[in-house]
There are 4 protein chains.
Amino acid sequence: MIHTCRNQNLFFSNPRHGQRELTARRFVSDCLVVVNFKTYQTAHGASAEELARAMSGIETNARMIAAVSALDLAAVVAAAPGLEVWCQHLDPVGFGSNTGWLHPETAIERGATGTLINHAEHKVSIEHVAMLLDQVPEGFEVCACAADVDEAMALSALVPTYVAVEPPELIGGDASVTSADPGIVSSTAAAVREVSEEVGILCGAGVKTGADVAKAIELGTIGVLLASGVTKAEDPGAALSGLISEL
Amino acid sequence: MIHTCRNQNLFFSNPRHGQRELTARRFVSDCLVVVNFKTYQTAHGASAEELARAMSGIETNARMIAAVSALDLAAVVAAAPGLEVWCQHLDPVGFGSNTGWLHPETAIERGATGTLINHAEHKVSIEHVAMLLDQVPEGFEVCACAADVDEAMALSALVPTYVAVEPPELIGGDASVTSADPGIVSSTAAAVREVSEEVGILCGAGVKTGADVAKAIELGTIGVLLASGVTKAEDPGAALSGLISEL
Amino acid sequence: MIHTCRNQNLFFSNPRHGQRELTARRFVSDCLVVVNFKTYQTAHGASAEELARAMSGIETNARMIAAVSALDLAAVVAAAPGLEVWCQHLDPVGFGSNTGWLHPETAIERGATGTLINHAEHKVSIEHVAMLLDQVPEGFEVCACAADVDEAMALSALVPTYVAVEPPELIGGDASVTSADPGIVSSTAAAVREVSEEVGILCGAGVKTGADVAKAIELGTIGVLLASGVTKAEDPGAALSGLISEL
Amino acid sequence: MIHTCRNQNLFFSNPRHGQRELTARRFVSDCLVVVNFKTYQTAHGASAEELARAMSGIETNARMIAAVSALDLAAVVAAAPGLEVWCQHLDPVGFGSNTGWLHPETAIERGATGTLINHAEHKVSIEHVAMLLDQVPEGFEVCACAADVDEAMALSALVPTYVAVEPPELIGGDASVTSADPGIVSSTAAAVREVSEEVGILCGAGVKTGADVAKAIELGTIGVLLASGVTKAEDPGAALSGLISEL
């Protein structure tokens, strides 16, 4: 049996602020595969552009998204024009005296269509997330990362576009969260639903295969957030193809 | 008309994790007046002990709580044995190599019965609040501070004992939040209720008089968090008496 | 009288690690005018490219340097190929799991030749500065910012390429540090000299005119760090020309 | 051969601001043994008081210093009146609106005679250290911790009373820095001397025995900073006695 996002309930089809029309069925095109390039050597500079091109070359109805370094953003957008490109972090600053901080509007002008925030490797205050959400324009997607169910619920109350749950102890590891701790995925999905019906749910940590992605969907998410499964793969193109093979 | 906590609905009578029995009516004894000593000169060292004694001398059925510096905690507890004393901040660290951080268990051994966290003057990550809540024993009260409705909702998802909303621009000012921005108080109360029925709601910023406290209760809170209204008063004892005069 | 860097003593001609040959006289070509684009609306996105082009069009023997957002770096480098472009901040992370942090090597691959660090608007720990200096390759310039003499001395002990002293209370203001507080500039220059003879000294805050730059050189620096004097100027090109007019 | 502080050169006899008279020889009474209680279970709450009493019971001419949690400070001072007691961290805040921060003046009123700052487990900005040093009264000792030579030199430029070098990878371990990496101790001592002759030098990490302390003195320090060697000892009193046995 091929798992698809189609069998999810309709809550998921309406991520954040209703900017997409409510439909009774969800489609594979709503499924997300977010590849976090982090600062991997194989996913920075020219290698980031190459990996982005590989992503945009994958035939799939799922949404492939590259989350890249601010330093690589413009070049990646230029290299892979059709690809959705996110930042890995943004700061809720305005125009003015904010030396060294990452202004959302500059990111948007450089082609970012969304961002991660509060990743386990880059924690911020609730206020940071809330201010960022207030500041970004409608349609700019914000994926807030959570280490566990409690944090996922708290973030969901701020109604980001997505909440991604990633148990830190599994990040970068061999075991996929979907098999090592499926309970955290399904219970996060249920808990987030309780707080907000608008927030999409992702899961991550150790995700590497098409079976992992399919399982993530089955557990109540609309997609996955992953990194080393692609960036450390011997053949990243094959790894990417594998990820969407069971959707 | 004298406002009391009695006319609140029963959600409020059951703060956090159901450790108090659900009752149909709430009583003045559920009302909180939390005095944040901050690092005010009039509320540190020996002055902290004196202010705490003044607080414990007030005749009221409301709960008077002193939130003091970690450096003053033990001395204040000794000086005003009947008074509830909270910390102003704690760190979710365990026993071990955590130089300079404030261990909850040490605070409890020194007599703290609760703590503020995420105050506008001391912001922390969601993870910090979540870990602290996981770590403290049942009965130890945690009051998470929020700058606005969004932050209050996010914190409520973590189910602290209380959420206190304090618009930063009004903190330390002349106007009480209850008159300057009553909408933020009532809308926060409503929003928190949506997320959790167990979380008690406080408000603060500019609170100085019994009328401010009464108005706070009327707007849906179970009490107030204040500082300069007492610590900067010419006669702190009179200021304290005034605060509970309309309960 | 026209002030130039020429009349400085030879310490200044040998910034960091001796990578330039020691010479008995310093030249205007050693003078730095670092324009910090911050997140000013007039200096981000396409406007950053335009301002960088204006900078590279100025006829001068001084070194004009643009310190830009990580998000704008690659585009600014492409827009103004001859211009030295710095980052406003970098993080001392390696390759790997460092979501959202700014890797020096990626910055270098994108064309950065240096960076600011520890700006008053983006303070970091001593360890952050020390690790960054350990990590960057020879020739990559690091300008550590200090609020006062003490901080300048501490940073100098780490031997960054430059230390820039900027009294925070003067940043973005109308009065140039060179006239409002010339003593802090000369005493910082003397103090830094005591700690290290290899560190170049810049000053900043309120710098707007050629006279300010000339005065900075006279006070013992090899250049200036400025922002609003250019980014908020009605005619940035004229402002830039003015800055180097007395060198 | 018994090592003593006596054979050090006279630089060491004049820590910070010349508040002690310069003498030609140093004495054991200038040697420091700073025990960092951290948040060890065996060194918090009532156990902190007990350990402090054990320290004050040791017969020695060396200076024994307990660095304790802010929460335990007042009680430890009361329990061991003759003992020097330091904080593990302080914040350079003034009187006023600084919820949850540790005010130096409150620490002093509660009996602290000094503090650690910038410990590897609690890093701060240079500005934090500089402001703290500006703020504390003469005679209040500040021991700034450094991970390596560079950081030690930077901190020395701020002229704290002491700089303690502790390689983080050895903290809490079995091997004493004095045998595992004696070079870092002697080179730090030399480097600090270059920057300031007023700063006393301590070393730490893995220090457990009297031989370790003697070796530290021999390498150019005036004492040691240690934690687990005492707090995790089966017989802390014996461990303490051992530490000063070769002075």
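In the text below, chain A, chain B and the rest are named by the order of the sequence lines, each starting its count at 1.
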Sort [X] into side chain, backbone, both or neither according to what part of it lies under 4.5 angstrom from a heavy atom of chain C.
X: A/N36; value: side chain
X: A/A46; value: both
X: A/H103; value: both
X: A/C145; value: neither
X: A/L102; value: both

Could you measure the distance from the [atom1] atom of [X] to the [atom2] atom of [Y]? Nearest 0.5 Å is fine.
X: C/T178; Y: C/K215; atom1: OG1; atom2: NZ; value: 7.5 Å
X: A/M131; Y: A/D91; atom1: CE; atom2: CG; value: 10.0 Å
X: A/C31; Y: A/I244; atom1: SG; atom2: CD1; value: 11.0 Å
X: C/L116; Y: C/K38; atom1: CG; atom2: NZ; value: 10.0 Å
X: C/T221; Y: C/I201; atom1: OG1; atom2: CD1; value: 8.0 Å
X: C/D148; Y: C/E166; atom1: CG; atom2: CD; value: 12.5 Å

Most heavy-atom pairs under 4.5 angstrom with chain C, which of [options]?
options: A/H89, A/Q88, A/E121, A/H119; result: A/E121
options: A/V68, A/T99, A/V93; result: A/T99
options: A/S69, A/A75, A/S97, A/A74; result: A/S97

Quick check: are there more than 12 heavy atoms from other residues, nucleotides or ligands sitting under 6.0 Å from CD of C/E50?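 12 or below, so no.
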Give a yes or no on whether C/Q135 atom CD has more than 12 heavy-atom contacts from other residues, nucleotides or ligands under 6.0 Å away.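 It does: C/Q135 CD has more than 12 such atoms within range.
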Please report whether the ring centroid of A/H44 lies less than 6.0 Å from that of A/F37.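 Aromatic pair excluded; centres sit 6.0 Å or further apart.
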Under 6.0 Å between ring centres, would you say that holds for A/H128 and A/H122?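 So the answer is no for these two rings.
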Strictly less than 4.5 Å between heavy atoms, which residues of residues 105-114 of chain A line up against chain C? Please order them by number.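 Residues in range: A/E105, A/T106, A/A107, A/E109, A/R110.
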Among C/A48, C/G96, C/A227, which residue forms the greatest number of heavy-atom pairs with chain A at distances under 4.5 Å?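 Top count of heavy-atom pairs under 4.5 Å with chain A: C/G96.
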